[in-house]
Amino acid sequence: MKTNFKYNIIWFIIMVAGFYLMNTLILVGVINTFIENMLVTIGINIILATGLNLIIGFAGQFSLGHAGFMAIGAYATAIITQTATTPVGFYLSVFAGIVVSIIAALIVGIPTLRLRGDYLAIATMGAAEIIRIIINNMKITGGAAGIFNIPQLASWPTVYIMVCVTTIIIVNFIHSRGGRAVTSVREDEIAAEAMGINIFKWKLAAFVLGAATAAVAGSLHASFLQTISPNDFGIMESISILIIVVLGGVGSITGTFVAAIVLGVLDTVLQDFGALRMVIYAVALVLIMIFKPSGILGTWEFSIKRIFNRFKRKERVEQ
Amino acid sequence: MTSLLQVDNLVKNFGGLTAVSNVSMHLDNNELVALIGPNGAGKTTLFNLLTGVIPVSSGSIVLKGDDGTFALNGKPAYRIAKLGLSRTFQNIRLFKNLSVLDNVLIAMTSRSKEGFIASIFRLPSYYKTEKQLVEEATKLLTIFELEDDMDVLAKNLPYGTQRRLEIVRALATKPQILFLDEPAAGMNPEETANLTQLILKVQHRFHITVLLIEHDMSLVMNLAERIYVLDHGSLLAEGTPDEIKANHKVIKAYLGEGE
Ligand SMILES: Nc1ncnc2c1ncn2[C@@H]1O[C@H](COP(=O)(O)OP(=O)(O)OP(=O)(O)O)[C@@H](O)[C@H]1O
Ligand SMILES: [Mg+2]
C-alpha cells in the first residue's frame with residue numbers, strides 16, 4: 001500500500017511541476033498566445049483520443065462517432081454559459097454535457113454494440129451524424145450558423161487540469177477490474193463470456209466512459225474557441241481523433257499523448273505551407289502506417305513503477 | 001434425480017445436421033466423468049450447449065448447485081459461468097496479448113467486489129481488493145507451477161503450458177463443474193502424465209466435478225470413474241471404464257471409424 005502511494009505521489013508531482021513549468025513559460029513570454037493555442041488544441045485532442053482509445057484500443061469496439069459526443073459537450077457549455085457566465089456556470093455546463101452524452105451513449109450503444117466491426121463503425125458514424133443533424137435543426141443551438149460569442153471561461157490551466165483528470169480516470173479504469181474485463185472482451189469474446197464476464201455490459205461501460213470524456217473535451221473546445229457550429233463535429237472530426245489513436249498505437253495511452261503532441265506541433269509548424277500542409281501530413285501518416293502499422297508505440301505504456309523495479313533489480317544485481 | 005447436473009433430451013441442429021441428438025446425462029458431486037467418441041461425434045458441441053456458448057435447439061439442462069436449482073438452457077454463457085460451470089476450449093482461447101496473471105484475474109472479475117468509484121479514484125478499498133485478487137491468483141498459479149511466468153504474455157507460453165493456464169483460468173471462476181475439452185491434445189507422453197496427476201489434484205483439492213473430453217484412451221481409462229460415449233450426436237453407451245472397454249457397440253463405432 002505504501003509503494004502504491006509512492007507512485008501516486010510521483011505522478012502528482014510530475015503533473016504539478018508540468019503545470020508550473022508551463023505557467024512560468026507563459027509568464028516569461030516563451031510561450032506566446034500562438035503556442036498557447038496550440039497547447040490547448042493538443043490538450044483537447046488528448047482528452048478526445050484517450051477516450052476513443054479506451055473504446056477502440058482496450059474494448060476493441062470500432063467507433064467512428066466520437067465527434068457526436070464532443071458536440072453534445074460543446075453545445076451544453078455554449079448554451080449554459082451564455083446565461084450563466086461564471087466559472088461555476090462553466091463547470092455546471094461540463095456536468096450537463098457529461099450527463100447528456102452519457103444518455104446519448106446509452107441510446108446509441110445499446111442497439112449498436114451488439115454489432116461487430118465494420119457494422120459498428122458505420123452505425124456509430126450514423127449516430128454521430130444524427131446528433132449533428134438534430135443540433136443543426138434546433139433553435140436553441142443556433143441551427144447551421146451555430147453559436148458565437150461564447151464567454152471564454154476555459155483557458156490553458158483549465159484544459160491542463162481537465163487533461164490530467166480525464167487521463168487519471170481512464171488509466172485508473174484500465175487498471176481495475178472493469179478495465180481487465182473490457183480488455184478480455186477485445187481479446188476473445190467467447191472466452192470472456194465463458195469466464196463469467198457480461199461482455200455487453202462492459203462494452204457499454206467503455207463506450208459510455210469514452211463518450212463522457214469526449215463531452216468534457218467539447219466543453220473546453222466551445223469555451224476556448226468561443227464559436228461553434230454543427231460542421232465542427234462532422235465525420236472529419238471523428239476521423240482526425242481516430243488518426244491520433246491509430247498513429248500513437250491502438251491500446252497505448254502513452255502513444256495517444258505522443259501522437260496528439262506530434263500531430264499538434266506538426267499542424268502548427270506546417271501552417272505556413274498552406275495547401276502543401278495536408279500533403280505532408282498525409283504522407284507522414286502513410287509512411288508511419290507502412291513502417292510501423294501498430295502505431296508509434298504499439299501497446300507500450302510509460303510506467304514509473306517499471307522504472308523503479310528496474311532500478312531495484314540493478315541494485316540487487318550489483319550487490 | 002438429485003444429480004448436480006441433469007441433462008434431458010438435449011438436441012442441437014445446425015441447419016439439416018443434427019450435431020447432438022436427444023442426449024440425456026447426469027453429473028454427480030465430485031465425480032470425474034469422461035466424454036469420448038470419434039471425431040465429429042458432437043462432443044464439443046455438447047460442451048458448447050452445456051456452457052451456453054451456443055443455444056440449445058431443445059431439451060433441458062438443470063443445475064442443482066450450492067445456491068439452488070437453476071434451468072441453464074436459454075441462459076447466456078456468462079450467467080452459466082457465474083452459476084459455477086467453467087471450461088477450457090479445444091482450440092485454446094486464452095487472452096493471448098495479456099499476461100498470465102491478467103488471464104487469471106479476468107476470470108475472477110465477476111466474483112470481485114471492486115467498485116467503479118473506488119478504482120477510478122484509487123480509494124483504499126481498491127488497493128485492498130486488488131491485493132486480495134492478486135494473492136488469490138498467485139496461490140492458484142503456484143499450485144500449477146506457473147508462478148514464475150506471471151508476467152509473461154499468454155501467447156509466449158509453450159503449448160502445453162497454455163493448456164495448463166487455461167485450466168487455472170477456468171478454476172479461477174470457482175466452478176462447481178469443470179469442463180475440459182481435450183486437455184492433453186498436442187502434449188507429449190510426459191506432459192500427458194503430468195496433466196493426469198494435475199486433473200486428479202484439481203478434483204480433490206477443489207472438490208469439483210470434472211467432465212473431460214479426451215481422445216487419449218489410456219488417460220481416460222486411468223482417470224474416469226464413468227464414461228459417456230457419443231457417436232453421430234447420440235449417446236452410444238454409458239458405464240465404468242471396464243464396461244465401456246467390453247462394450248461391442250463402442251468397439252464397433254471406433255473400429256468402424258477407423259480409429
Ligand atoms: N457452429 C457449427 N455450425 C455448423 N456445424 C457445426 C458447428 N459446430 C459443429 N458443427 C458440426 O457438428 C458436428 C460435431 O462437431 P463437434 O465439434 O461437436 O465434434 P467433436 O466430437 O468435438 O469432434 P472432435 O473430436 O474432432 O473435436 C460436426 O459435424 C461439425 O462439423
Ligand atoms: Mg471437439
Side-chain angles (χ1 to χ4, degrees), chain A residues 1-9 11-12 57-58 60 114 165-202 205-206 208-209 212-213 250-252 294 298-300 303 305-306 309, chain B residues 47-48 51-54 76-89 92-98 101-124 126-131 133 151 153-155 166 169-170 172-175 179:
Chain A
M1 205 119 112
K2 243 187 196 157
T3 51
N4 292 322
F5 191 63
K6 183 172 77 185
Y7 301 130
N8 290 349
I9 289 286
W11 273 115
F12 187 71
F58 291 88
R114 297 183 197 276
V165 170
T166 53
T167 308
I168 289 170
I169 288 177
I170 287 182
V171 170
N172 284 354
F173 176 74
I174 289 169
H175 290 116
S176 74
R177 159 180 176 264
R180 284 191 296 265
V182 157
T183 322
S184 76
V185 173
R186 172 195 77 191
E187 287 290 300
D188 190 326
E189 290 196 5
I190 289 179
E193 226 184 337
M195 293 305 121
I197 284 165
N198 183 347
I199 54 174
F200 178 67
K201 178 181 117 182
W202 289 111
V208 167
L209 189 52
T213 53
V250 174
S252 165
S294 60
T299 54
W300 184 85
S303 156
K305 197 169 174 175
R306 209 180 314 124
N309 287 346
Chain B
F47 265 30
N48 287 343
T51 54
V53 171
I54 55 174
Y78 76 91
R79 281 205 177 282
I80 294 178
K82 280 189 188 177
L83 287 172
L85 277 68
S86 195
R87 67 174 293 176
T88 65
F89 293 88
I92 307 177
R93 279 180 174 271
L94 286 169
F95 306 123
K96 292 193 200 71
N97 300 304
L98 304 182
L101 179 64
D102 276 341
N103 268 273
V104 178
L105 289 177
I106 285 165
M108 293 155 69
T109 302
S110 63
R111 287 194 285 122
S112 149
K113 293 276 179 295
E114 190 177 296
F116 177 73
I117 298 294
S119 44
I120 291 230
F121 296 106
R122 296 268 160 124
L123 303 181
Y126 161 81
Y127 290 109
K128 212 175 110 194
T129 45
E130 281 292 295
K131 202 172 149 221
L133 288 175
D151 298 325
L153 297 187
K155 65 177 173 192
E166 240 201 345
R169 187 182 66 174
T173 64
K174 284 239 167 104
F179 296 90

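Only heavy atoms go into these numbers, but all of them, side chains included; no hydrogens, no water, no symmetry mates. To find a chain, count down the sequence lines: A is the first, B the second, and so on, and within it residues start at 1.
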Note to self: Please classify the contact of B:R169 with chain A as side chain, backbone, both or neither, using a heavy-atom distance under 4.5 Å.
What the structure shows: both
Next item on the list: Sort and list the pairs that fulfil side chain to side chain donor-acceptor pair (under 3.5 Å) and have at least one residue in residues 175-184 of chain A, not counting sequence neighbours.
Entry: A:R180-B:E130
Item checked: Interface residue of largest heavy-atom contact number with chain B, from A:I197, A:T299, A:I170, under 4.5 Å -> A:I197
Item checked: Partner residues of B:R93 under the side-chain hydrogen bond (donor to acceptor under 3.5 Å, both in side chains) criterion, sequence neighbours left out -> A:D188
Next item on the list: Measure B:F89 against the heavy atoms of chain A and call it side chain, backbone, both or neither at under 4.5 Å.
Entry: side chain
Notebook entry, point to check: In terms of heavy-atom proximity below 4.5 Å to chain B, should A:A192 be classed as side chain, backbone, both, or neither?
Noted result: both
Check: More than 12 foreign heavy atoms under 6.0 Å from NZ of A:K201: is that the case here?
Finding: yes
Check: Are the side chain of B:N103 and the backbone of B:F95 linked by a donor-acceptor contact shorter than 3.5 Å?
Finding: yes
Item checked: Structural part of B:L133 lying under 4.5 Å from a heavy atom of chain A -> side chain
Margin query: For the interface with chain A, which of B:D102, B:T51, B:N97 has the highest count of heavy-atom pairs at distances below 4.5 Å?
Written below: B:N97
Check: Looking only at atom types and distance, does a side-chain atom of A:T213 sit under 3.5 Å from a main-chain N or O of A:T166, one as donor and one as acceptor?
Finding: no
